[in-house]
A.B. asks: 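The structure that follows is given in the form of structure tokens.
Values reported hereafter were calculated over all heavy atoms of this structure, with side chains retained and with hydrogens, waters and symmetry mates removed. Letters A, B, ... are given to chains in the order of the sequence lines, protein chains preceding strands, and every chain is numbered from 1.
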Amino acid sequence: MNKSILTSIEAQSMQFLDDLNEEQQKAVLATEGPTMILAGAGSGKTRVLTYKIAYLIQQGVDSFNILALTFTNKASREMKSRISSLLDNSESLNLWMGTFHSIFARILRFEAQKIGYPSNFTIYDTDDSKSLIKTIVKELNLDDKIYKPGLILNRISSAKNNLISAKEYADNINIQSDDLQSKKPLLGEIYKRYELRCFKASAMDFDDLLFKTNILLRDHPEVLFKYQDKFKYILVDEFQDTNFSQYLILKKLSARFENICVVGDDAQSIYAFRGANIQNILNFKNDFPDVKTFKLERNYRSTKNIVNAANSVIAKNKDQFKKDIWTDNEEGSKIEVFKAFTDNEEGLIVANHIFSAKQNHQLNNKDFAILYRTNAQSRSIEEALRRKNIPYRIYGGMSFYQRKEIKDLLAYYKLTVNPNDEEALKRIINYPTRGIGKTSLEKITLKASESRSSLWDVINEPSSFQLKISSAVLKKIEEFVTMIKSFNAQLSSVNAYKLGEHIAKSTGILKDLYADKSPEGLSRYENIHELLNGLNEFSENYPDQSLSEFISEISLLTDADNEDKNNQDSVSLMTIHASKGLEFSFTYLVGLEEGLFPSQLSLNSRTELEEERRLFYVALTRGEKNVCLTHSETRYRWGSLISCEPSRFISEIDKNLIHFNYSGNFYQKGSSFKSDRESYVKSDQINPNTKSILPKQKLVRLQKYVKNDTFKGDDLADLKVGAIVEHQRFGQGEILELEGQDSNQKATIMFENIGQKQLLLRFAKLKIIS
DNA sequence: GTATTATCTAAGTCT
DNA sequence: TAGATAATAC
């Protein structure tokens, strides 16, 4: 071997390692065999993963043989680009890197036939799943107040995450008695039907992507062998948040080479509710007895005060691994606490604090983050930021792809790709309205379930199902089918953007939204264009990919994956869950109140309360320089005002590390806080350039009112206020008021027996009595 | 079948 | 409060 090449490689690897501390280096160098890296918050675990992959490639491992599972697709993009710059080549593009869901969706598409699915299967989101469950509950004539779709989906989801099939679920005696006790004995039956319907619709839900992968690897040894051989090195980020289903996939895939490296922090496990299991860390030690373990305990992110405050909180949890997180960073300022009287005031306090911190510390908006427990809390914060003219961006919440207009257009795309997609079909068969209404759809659904066919089968050949529908409607159905077929025929021949645009135009969606000139209508129209722009971008980047690939791409996007298009400098608003892995110079934690954080629903059990505490730990450790906590004495919930106690988590922070920005006893209400409060509220001046913060809904109502109120007095038909008229059904009455003109003229009539009614004269057949 | 209005009920976190 | 559903009118 040429010695000079070897030394240059060695020199390069040395360069790598120089960026890492000793423990990180050891973790990177341990490439062979199972390794577990327990990495505290801010200890540079992403860095270790990135360097480890770069090191592997540099050591001659083919990048095609590396599988890396990250928590978001964005994280994977960032990691890839960092690896590229470390290696100064484009090898990272060949890596199999992404979220569990997107990686295994990709594999499932490739191997779909083996488990009886077509490769163009669609992915049902939560709304689709709930809607399907709802139909099933209705079909079984069950009470949807007992069989709530959301709860049922949770139950099915956790079954799937524990690899319990519908049949196993229904046959299991323990589960049966559980469900009987909760008065839902037919859950197993619903699960069975749900599975069948998903299969008929060629659809998989989120959990299926993992569940079916397990089935695939279990029932097809040759497939398992193929991927075992392919993924010679497997790396997993955020291992503490993997569930049993994911763990089993990892275990199977790594069984041959056992080159598996997992990175995680039990203190940051916050997804138990979707099946994540800290026990996986323990299982890992059992399943891979010769595992090498590394601990990263040095925090590079936060000040001493923040690190110690977080440590003092997490120490209250009984269930945890011993760790000693420390930092060499400056001491920094104490955790600050502010109290507000209302949730709106809480928003103002935060907005004002950001406003002055920005000036005092010369910071940009993007150095600030406001974190909350529930998405609903963002509203009052947003309003305050708008008043202070501080640009912000919300991550999560009602995400772009969940909007009605977007889902409508996407449903057309989905149906084009997979006509069996029942939820997509139901969504758009009568949107824009084409005269195929509820009754017709019910008839079609009935025929479909009678013959165990898909809705598409029925409408595709109505005659062979003896569908009893008027010929006029039948014709409309036929037109609809022809339209979808024509889209489908263009799938492989026409560019994705061209076809997508064609669909938006020819179905009338664009026209329909264009016609709506209300503020919401306008924004819906813009949203459709945004989707089309995204599609166009996709088409330009991947010219040979069809609409089909676009659909599968976006159905697994996390909200954190969406890049800020304008790359604006803005304050980040998100739930604590969404903030995992991120860091911000100034972090605000709002709504620290009992019943909100910790959540009311977590107070029943220690395990759930401990998860809330870990969540608080995650939140605290996002902050680099400064962490502010706020709580409010009152808060609107379900439209009514409730009073709130400060969260127990505030008092769990070491007293020496926290500063209450209101004098007097913390638990004493009222007090001299008032002066603080006044100074905050006073300094808030409404910027005249800021748009009205009147809710959109109200604006619309106002416009409607103005439009209809053009009182013109009597018009055609000689009808006057005070005239006595007779109506076919309502009998005699007196005209109290007339409004509108021509064909829109409307009369308010007081009928003798029925009382006051408003009728459109165009429709109401009235005889004039006097 | 469609459009408007009235009533109900729900918001915990995410793929 | 606000979105979803049921009721109502044509």
A.B. asks: One thing to verify: whether A/D125 and A/K407 come together as a salt bridge, which I'm taking to mean a side-chain N less than 4.0 angstrom from a carboxylate O.
C.D. replies: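 Salt bridge between A/K407 and A/D125, a charged N being under 4.0 Å from a carboxylate O: yes.
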A.B. asks: Using a 4.0 Å heavy-atom cut-off across all strands, classify A/T126 as base, sugar-phosphate, or nothing.
C.D. replies: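 The residue A/T126 makes base contact.
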A.B. asks: With heavy atoms under 4.0 Å as the rule, sort A/R373 into base, sugar-phosphate or nothing.
C.D. replies: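 It contacts base atoms.
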A.B. asks: CG of A/N161 versus C1' of B/dC14: gap in Å, rounded?
C.D. replies: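 After rounding, the gap between these two atoms is 12 Å.
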A.B. asks: Please determine whether a side-chain nitrogen or oxygen atom of A/S599 lies at a distance below 4.0 Å from atom OP1 or OP2 of B/dT13.
C.D. replies: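 No, outside the criterion.
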A.B. asks: If the C1' atom of B/dG12 is compared with that of C/dT5, how far apart are they to the nearest Å?
C.D. replies: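 24 Å, rounded to whole Å.
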A.B. asks: Does OP1 or OP2 of B/dC14 have a side-chain N or O of A/T575 closer than 4.0 Å?
C.D. replies: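 True: A/T575 side-chain N/O within range (under 4.0 Å) of B/dC14 OP1/OP2.
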A.B. asks: Compare the minimum distances between each of B/dG1, B/dG12, B/dT13 and the side chain of A/T439, then state the nucleotide with the smallest one.
C.D. replies: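 For the A/T439 side chain, the nearest candidate turns out to be B/dG1.
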A.B. asks: Separation of A/D512 atom CG from B/dT2 atom C1', in whole Å?
C.D. replies: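 To the nearest whole Å, that distance equals 13 Å.
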A.B. asks: Spell out yes or no: do the side chain of A/E612 and the base of B/dG12 have one donor N/O and one acceptor N/O closer than 3.5 Å?
C.D. replies: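 Between B/dG12 and A/E612, which were checked side chain against base, a qualifying N/O pair under 3.5 Å is present.
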A.B. asks: In this structure, how many angstroms lie between the C1' atom of C/dG3 and the CD atom of A/Q402, rounded?
C.D. replies: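 Checked: the CD to C1' distance equals 14 Å.
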A.B. asks: Which one, C/dT1, B/dG12, B/dT2, comes nearest to the side chain of A/R379?
C.D. replies: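 Nearest to the side-chain atoms of A/R379, counting from C-beta on, is C/dT1.
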A.B. asks: Between A/R427 and A/D408, does any NZ, NE, NH1 or NH2 come within less than 4.0 Å of an OD or OE carboxylate oxygen?
C.D. replies: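 The answer is yes: the pair qualifies as a salt bridge.
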A.B. asks: With a 4.0 Å cutoff (strictly under), does any side-chain N or O of A/N154 reach OP1 or OP2 of B/dG12?
C.D. replies: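 For B/dG12, OP1/OP2 do not have a side-chain N/O of A/N154 under 4.0 Å.
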A.B. asks: What's the closest nucleotide to the side chain of A/T374 if the choices are B/dG1, B/dG12, C/dA2?
C.D. replies: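 The answer is B/dG12, which lies nearest to the side chain.
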A.B. asks: Give A/Y271 one of three labels, base, sugar-phosphate or nothing, depending on what nucleic acid heavy atoms sit under 4.0 Å from its own.
C.D. replies: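 Touches sugar-phosphate only.
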A.B. asks: Of the options B/dA3, C/dA4, B/dG12, whose atoms approach the side-chain atoms of A/T433 most closely?
C.D. replies: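 Nearest listed nucleotide: B/dA3.
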A.B. asks: Rounded to the nearest Å, what distance is computed from the CG atom of residue A/L151 to the P atom of nucleotide B/dA11?
C.D. replies: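 My rounded result for the distance is 10 Å.
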A.B. asks: Of the non-hydrogen atoms in A/D343 and A/Y636, which two are nearest, and what is the gap between them?
C.D. replies: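 It is OD2-N, 3.2 Å.
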A.B. asks: Is there a donor-acceptor pair closer than 3.5 Å between any side-chain N or O of A/S602 and the backbone N or O of A/P598?
C.D. replies: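 Checking the backbone N and O of A/P598 against the side chain of A/S602, no donor-acceptor pair under 3.5 Å is found.
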A.B. asks: Would you call A/R373-A/E612 a salt bridge at under 4.0 Å N-O?
C.D. replies: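 Here A/R373 pairs with A/E612 in a salt bridge, since their nearest N and O are under 4.0 Å apart.
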A.B. asks: Atom CG of A/N604 to atom C1' of B/dG12: distance rounded to whole Å?
C.D. replies: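 Going from CG in A/N604 over to C1' in B/dG12 covers 13 Å.
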A.B. asks: Answer yes when A/K414 and A/E423 have at least one side-chain N-carboxylate O distance shorter than 4.0 Å, and no when they do not.
C.D. replies: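 A/E423 and A/K414: not salt-bridged.
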A.B. asks: Heavy atoms from C-beta onward define the side chain here; which of B/dT13, B/dG12, B/dT2 lies closest to that of A/F273?
C.D. replies: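 The answer is B/dT13, which lies nearest to the side chain.
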A.B. asks: Rounding to a whole Å, what distance do you find between A/K130:NZ and C/dT5:P?
C.D. replies: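 Rounded to the whole Å, the gap is 11 Å.
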A.B. asks: Quick check: on DNA chain B, is the nucleotide nearest A/F206 upstream (toward 5') of the one nearest A/I436, or the reverse? Name the residue that is more 5'.
C.D. replies: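 Between the two, 5'-proximity favours A/I436.
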A.B. asks: Using whole Å, report how far CD of A/E608 lies from C1' of B/dT13.
C.D. replies: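 After rounding, the gap between these two atoms is 11 Å.
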A.B. asks: In the structure I gave you, are the side-chain heavy atoms of A/R274 and A/N154 within less than 4.5 Å of one another anywhere?
C.D. replies: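 No, too far: nothing below the 4.5 Å cut-off.
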A.B. asks: Can you give me the closest heavy-atom contact between A/K183 and A/Y147, atom names plus distance?
C.D. replies: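 Nearest pair, atom of A/K183 first, then A/Y147: O-OH, 4.2 Å.
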A.B. asks: Is a side-chain donor or acceptor of A/N280 paired with a backbone partner of A/T242 at a separation under 3.5 angstrom?
C.D. replies: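 Checked: pair present.
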A.B. asks: Between B/dG1, B/dC14, B/dG12, spot the one nearest the side chain of A/R274, thanks.
C.D. replies: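 Comparing B/dG1, B/dC14, B/dG12 against the side chain of A/R274, the answer is B/dC14.
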A.B. asks: Which of the following nucleotides, B/dA11, B/dG12, B/dG1, is nearest to the side chain of A/A376?
C.D. replies: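 Closest of the options to the side chain of A/A376: B/dA11.
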A.B. asks: Describe the nucleic acid contact of A/N430 in one word from base, sugar-phosphate, nothing, applying a heavy-atom distance below 4.0 Å.
C.D. replies: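 Contact class for A/N430: sugar-phosphate only.
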A.B. asks: Shorter than 3.5 Å, N or O on both sides, protein versus nucleotides 8-10 of chain B: list them out with atom names.
C.D. replies:
none

A.B. asks: In this structure, how many angstroms lie between the C1' atom of B/dG1 and the CD1 atom of A/I429, rounded?
C.D. replies: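 After rounding, the reported distance stands at 14 Å.
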A.B. asks: Check this one for me: any side-chain N or O of A/N375 less than 4.0 Å away from OP1 or OP2 of B/dG12?
C.D. replies: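 For B/dG12, OP1/OP2 do not have a side-chain N/O of A/N375 under 4.0 Å.
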A.B. asks: In whole Å, measure the gap between the C1' atoms of C/dA6 and B/dA11 for me.
C.D. replies: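 Here C/dA6 and B/dA11 have their C1' atoms 22 Å from each other.
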A.B. asks: Given that A/S440 and A/H577 both sit by DNA chain B, which one's nearest nucleotide is further toward the 5' end?
C.D. replies: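 With A/S440 and A/H577 compared, the 5'-side residue is A/S440.
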